Amino acid sequence: MRRKVIAGNWKMNKLLTESDQFVDSVTGSLPKDDNVEAIVCAPFPFLPSLVKKAEGSSLKVGAQNMHFEDSGAFTGEVSPAMLKDLGVTHVVIGHSERREHFAETDHSVNKKVHAAFNHGLIPIVCVGETLEQREANETMSHIEAQVRTGLEGLSDEQISSTIIAYEPIWAIGTGKTASSADANQVCTYIRTIVKEMTSENIAEELVIQYGGSVKPANIDELLEQPDIDGALVGGASLEPDSFLQLVEAGAK
Ligand code: 13P
């Protein structure tokens with residue numbers, strides 16, 4: 001059975017003390033279950049403190065973005081080597097907000113995914129369609145292009161350790177969740193593409209999350225779907241109680 005991965009994406013929220021308090025209040029209460037993994041993806045300035053506070057617990061700490069180069073003249077950017085050095089384990093790559101507001105493309109996503117693996121970081125690669133694409137019946141072709149280009153040139157082993165997050169853009173922060181059947185249909189399709197790119201075994205190992213208005217009230221139904229292996233959660237990951245309920249749902 002594939003493990004479940006519940007990742008909070010705090011986006012540009014919280015201050016350092018709030019972020020520290022969050023970790024202090026969840027680490028002791030996380031389910032002791034190897035089949036569920038809990039990750040908090042926090043803004044860069046909080047990462048060193050969060051990594052220290054999460055030490056000795058099962059909570060993993062991730063970043064929300066990074067540059068693909070190791071170092072150099074890239075003012076304002078953060079490198080994968082820096083994240084690794086801090087003890088960060090995961091990094092969100094190609095979130096739709098980065099694609100929309102910071103001009104990220106499938107090609108830059110691909111460079112970042114390679115850079116993540118070169119530094120021993122696990123990428124959480126985001127894909128998802130707009131409402132216009134869904135209404136024009138372009139969801140599957142769009143997702144296929146994002147997956148194929150995003151994962152291009154990776155080894156089978158790297159693909160099997162990648163986490164893919166399917167986040168329909170129209171469901172992010174809107175309160176509209178894709179129906180669990182619709183979400184699963186796209187996740188199944190992603191697994192089929194990965195099978196074509198690698199093998200049935202690798203595709204079966206791949207963790208695919210759903211994201212978009214996930215909350216304690218709807219996570220059970222989503223996780224019951226055969227191809228949904230977890231969630232990437234924005235708003236409902238900001239409060240410790242709600243985050244813990246989401247992780248507990250993954251341990252059921
Ligand atoms: P919400 O859970 O707030 O809809 O955000 C989803 C998301 O973008 C997670 O990366």
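Values in this document were obtained by computation on a predicted structure and should not be read as measured data. Counting convention: from 1, in listed order, for ligands and their atoms alike.
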TODO: Sort out the contact shell of ligand 1: every protein residue with a heavy-atom distance below 4.0 Å, listed by chain and number.
DONE: N9, K11, H95, E167, A171, I172, G173, G212, S213, L232, V233, G234, G235
Open item on the list: Determine whether a donor-acceptor pair (N or O, by modelled atom type, separation under 3.5 Å) exists between the side chain of D229 and the backbone of I208.
Closed with: yes
Task: Flag, side chain of R99 to backbone of V109, donor-acceptor distance under 3.5 Å - done: no
Task: Side chain S199, main chain K195, donor-acceptor under 3.5 Å - done: no
Open item on the list: Any donor-acceptor pair under 3.5 Å linking the side-chain atoms of H95 with those of E104?
Closed with: no
Task: Reported OG-to-CZ distance for the pair S155 and F117, which is rounded to 0.5 angstrom - done: 7.5 Å
TODO: For K14 and D20, run salt bridge (charged side-chain N to carboxylate O under 4.0 Å, His left out): C-alpha distance rounded to whole Å, both residues' side-chain angles, the deciding distance at 0.1 Å, then the answer.
DONE: CA-CA 10 Å; K14 295 194 185 292; D20 282 350; over 6 Å; no
